Amino acid sequence: MLLKTGGTSLRDLLIGVQDPPEQAKLYKALGEALIKVYPSQPLLAIACYEKALLINPADTDLRFEIAYTHSKVITTAGSFYHYRKLIEVKPEHDAAQNNAGWTAEELSLPLTSVDYYKVAAKQDNTLAMSNLGRLLLQSGFEQEAREALEKARKQPHPHPNVDQWLGQIQKDRRGEQTKIEELDERIKMVLHWRKAEAEAIAQKQIPREKFFGSYTDSTGNVLTITSADAVMLHGEMTKTNETFSLSGNIYGSLLAFSWKTTPSANAPSPTRSLLSIAYGTSG
């Protein structure tokens, strides 16, 4: 494989060049040529880049390129290594600080990751600020995340991720509120049946008319009690078309009921809350 520059192959030049700085330049040029000619085989280019870097370890631009390529096609660990080596030579390189934080996060090194993000953020790297805000939000620190992201937003050219994560705060808050409402709905039904179970234990039997009727939940699903001698809490559920059925017994008393997933024209008209099944309770 001969890659030419002008009328001479790079390989021929490498054989004839003894000066280390010039060798490093040629290996770097060979890597750049390989990545263009063989874009699907980046390992060829990286091998030449690594050789150039061994000769000239102070080439921070080349080390950044190697670190970035490592993260894409080889290993995150290799990328992390090169970013740290670059930072040793050029600690003010905010992009390297941020990327070192990202690779540390990928390697499950959260403390180290935040260390690098903080250094980059102090250098006004808004992507690092966004990453810190993201970590704060994912850990539940809403106010702190908002403050970090708003600070990044005030910078001259904030990274697009800043607005993305600011918007995510609102989505997460709405999502949690919806989940809380769903959990409350479920636990209210469980608590009601627990109360009724205790009454069944005490009385052995509750008149079935206490349970007859149709009920709806908060989303409009219809529940119809078909027959009951007392409260049932444990049984098996089956599904036929769009109608679910649940039946079982407790302390010798039977309860069977069915409900549709959505109200339909022939479904019974809801008359009471699903939570007011027995004794006219309403909570």
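Quantities reported herein were computed from a predicted structural model and do not represent experimental measurements. Position 1 is the first residue of the sequence; numbering continues from there.
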Measuring from atom [atom1] of [X] to atom [atom2] of [Y], what distance do you get when rounded to the nearest 0.5 angstrom?
X    : Y    : atom1 : atom2 : answer
Q138 : W165 : CD    : CH2   : 5.0 Å
E50  : L54  : CD    : CG    : 7.0 Å
R84  : S79  : CZ    : OG    : 10.5 Å
N131 : L127 : CG    : CG    : 5.0 Å

Is there a side-chain contact between [X] and [Y] (heavy atoms, below 4.5 Å)?
X    : Y    : value
L183 : K179 : yes
D124 : M129 : yes
R134 : E105 : yes
H70  : Y81  : no
T112 : F80  : yes
Y117 : N98  : yes
C48  : E32  : no
R153 : D163 : yes

Connected via hydrophobic side-chain network under 4.5 Å: [X] and [Y]:
X    : Y    : result
W102 : Y83  : no
I169 : L136 : no
V37  : L44  : yes
L107 : I87  : yes
Y49  : Y68  : no

Ignoring hydrogens, what is the shortest heavy-atom contact between [X] and [Y]? Give both atom names and the distance.
X    : Y    : value
T60  : L86  : O-CD1, 3.3 Å
A145 : G133 : CB-O, 3.4 Å
A24  : A52  : O-CB, 3.4 Å

Electrostatic pair E142-R146, nearest N-O below 4.0 angstrom: yes
Pair Q168-Q164, side-chain donor/acceptor within less than 3.5 Å: no
Worked check of side-chain contact (heavy atoms from CB on, under 4.5 Å) between H157 and T126: CA-CA 8 Å; H157 304 288; T126 58; over 6 Å; no
Evaluation steps, side-chain contact (heavy atoms from CB on, under 4.5 Å), between Q123 and V119: CA-CA 7 Å; Q123 297 171 351; V119 173; 4.0 Å; yes
Verdict with reasoning, Y116 to T103, per side-chain contact (heavy atoms from CB on, under 4.5 Å): CA-CA 10 Å; Y116 284 114; T103 52; over 6 Å; no
